[in-house]
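Here the structure is laid out as structure tokens; the discussion comes afterwards.
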Amino acid sequence: QVVESGGGLVQPGGSLRLSCIASGLKLDYYAIGWYRQAPGKEREGVSCISRSGGNLYYADFVKGRFAIFRDNSKNTAYLQMNNLQPEDTATYYCALGPYGPCTSTSYPDDLWGQGTQVTVSS
């Protein structure tokens, strides 16, 4: 099971940290991806981190603002989001993949959480 948390309402320029908690599995064996979907738009990949944590990828629209990291001891992955803007408003999803992928063009997508809402508004 994968559960996201940490979403909420934040003002432009603010920060949030999303968590992705996995249960019933060892996160060590999974690559992790974060996606988002805004109303009326297609889902898009935001970031991913490989099983080892050695490979990280970010969509261009979040580079320099978001950071993905993992704490395998807590079976949890995170997405630190800084300098949030109204266009970042979306439901954010975490997805795991036992064999990846985590590349600049492809993220894990085997096990999905239910999503957490992020709203950026003044």
Side-chain angles (χ1 to χ4, degrees):
Q1 185 180 7
V2 177
V3 177
E4 303 95 335
S5 64
L9 174 64
V10 63
Q11 292 186 340
S15 297
L16 285 174
R17 177 177 291 185
L18 305 184
S19 298
C20 170
I21 303 172
S23 59
L25 55 86
K26 279 186 65 66
L27 196 61
D28 309 52
Y29 301 129
Y30 291 81
I32 302 157
W34 284 98
Y35 297 78
R36 71 185 188 184
Q37 187 167 20
K41 294 187 177 181
E42 292 188 354
R43 185 177 61 203
E44 57 187 358
V46 174
S47 180
C48 71
I49 184 169
S50 62
R51 287 170 54 175
S52 68
N55 293 324
L56 312 175
Y57 292 95
Y58 297 94
D60 287 345
F61 51 80
V62 301
K63 281 182 180 177
R65 300 189 299 126
F66 289 14
I68 188 172
F69 56 103
R70 60 193 298 160
D71 185 344
N72 291 338
S73 69
K74 297 182 179 179
N75 240 31
T76 302
Y78 303 92
L79 185 69
Q80 177 66 43
M81 306 187 296
N82 299 324
N83 191 23
L84 284 160
Q85 300 300 317
E87 54 267 32
D88 295 316
T89 295
T91 301
Y92 284 72
Y93 298 89
C94 175
L96 310 184
Y99 304 107
C102 176
T103 70
S104 60
T105 58
S106 186
Y107 293 178
D109 63 1
D110 291 288
L111 302 175
W112 289 83
Q114 84 292 343
T116 185
Q117 177 67 38
V118 172
T119 302
V120 185
S121 175
S122 55

Residue pair Ala38 / Ala90: nearest heavy atoms and the distance that separates them = N-CB, 3.8 Å
Which heavy atom of Ala95 sits nearest a heavy atom of Tyr35, and at what distance?
-> CB-CE1, 3.8 Å
Can you sort out the partners of Lys63 under side chain to side chain donor-acceptor pair (under 3.5 Å), two or more places apart, ordered by chain and number?
-> Asp60
In terms of heavy-atom contacts, Tyr58 and Ala67 come closest through OH-CA, 3.3 Å
Validation: residues 5-12 side-chain donor-acceptor distances under 3.5 Å, sequence neighbours left out:
none

Group every Ile, Leu, Val, Met, Phe, Trp and Tyr by side-chain heavy-atom contacts under 4.5 Å, then state whether Leu56 and Leu18 land in the same group.
-> yes
Give the other cluster members for Ile21, using side-chain heavy-atom distances under 4.5 Å between Ile, Leu, Val, Met, Phe, Trp and Tyr residues; answer none if it is isolated.
-> none
Considering only distance and modelled atom types, tabulate donor-acceptor pairs under 3.5 Å from the side chains of residues 44-53, sequence neighbours left out.
from, atom 1, to, atom 2, distance (Å)
Glu44, OE2, Arg36, NE, 2.8
Glu44, OE2, Arg36, NH2, 3.3
Ser47, OG, Tyr57, O, 2.8
Ser50, OG, Ser52, OG, 3.4
Ser50, OG, Gly53, N, 3.3
Ser50, OG, Gly54, N, 3.3
Ser50, OG, Asn55, N, 3.0
Arg51, NE, Tyr29, O, 3.4
Arg51, NH1, Pro98, O, 3.2
Ser52, OG, Gly54, N, 3.0

Under 3.5 Å, which donor-acceptor pairs link side chains of residues 103-111 to any protein atom two or more places apart or in another chain?
from, atom 1, to, atom 2, distance (Å)
Thr103, OG1, Thr105, N, 3.2
Thr103, OG1, Ser106, N, 3.0

So if you build clusters from Ile, Leu, Val, Met, Phe, Trp, Tyr with side-chain heavy-atom gaps below 4.5 Å, do Tyr93 and Val62 land together?
-> no
Could you check whether the rings of Tyr92 and Phe66 sit parallel, tilted or perpendicular, using 30° and 60° as the cut-offs?
-> tilted
From CA spacing to verdict: side chain to side chain contact (heavy atoms under 4.5 Å, CB included), Trp34, Glu4 = CA-CA 10 Å; Trp34 284 98; Glu4 303 95 335; 4.0 Å; yes
Closest non-hydrogen contact found for Gln117 with Thr91 is OE1-OG1, 2.9 Å
Sidechain-backbone polar pair: Thr89 side chain, Val120 backbone, donor-acceptor under 3.5 Å = yes
Between Phe61 and Leu16, is there a shared hydrophobic cluster once you connect ILVMFWY residues whose side-chain heavy atoms come closer than 4.5 Å?
-> yes
Review item, side-chain donor-acceptor pairs of residues 75-87, under 3.5 Å, at least two apart:
from, atom 1, to, atom 2, distance (Å)
Asn75, OD1, Leu27, N, 2.9
Asn75, ND2, Ala22, O, 3.0
Asn75, ND2, Leu25, O, 2.7
Thr76, OG1, Lys74, O, 2.7
Gln80, OE1, Arg17, NE, 2.7
Gln80, OE1, Arg17, NH2, 3.2
Gln80, NE2, Asn82, OD1, 2.9
Asn82, OD1, Ser15, OG, 3.0
Asn83, OD1, Gln85, NE2, 2.9
Gln85, NE2, Asn83, O, 3.3

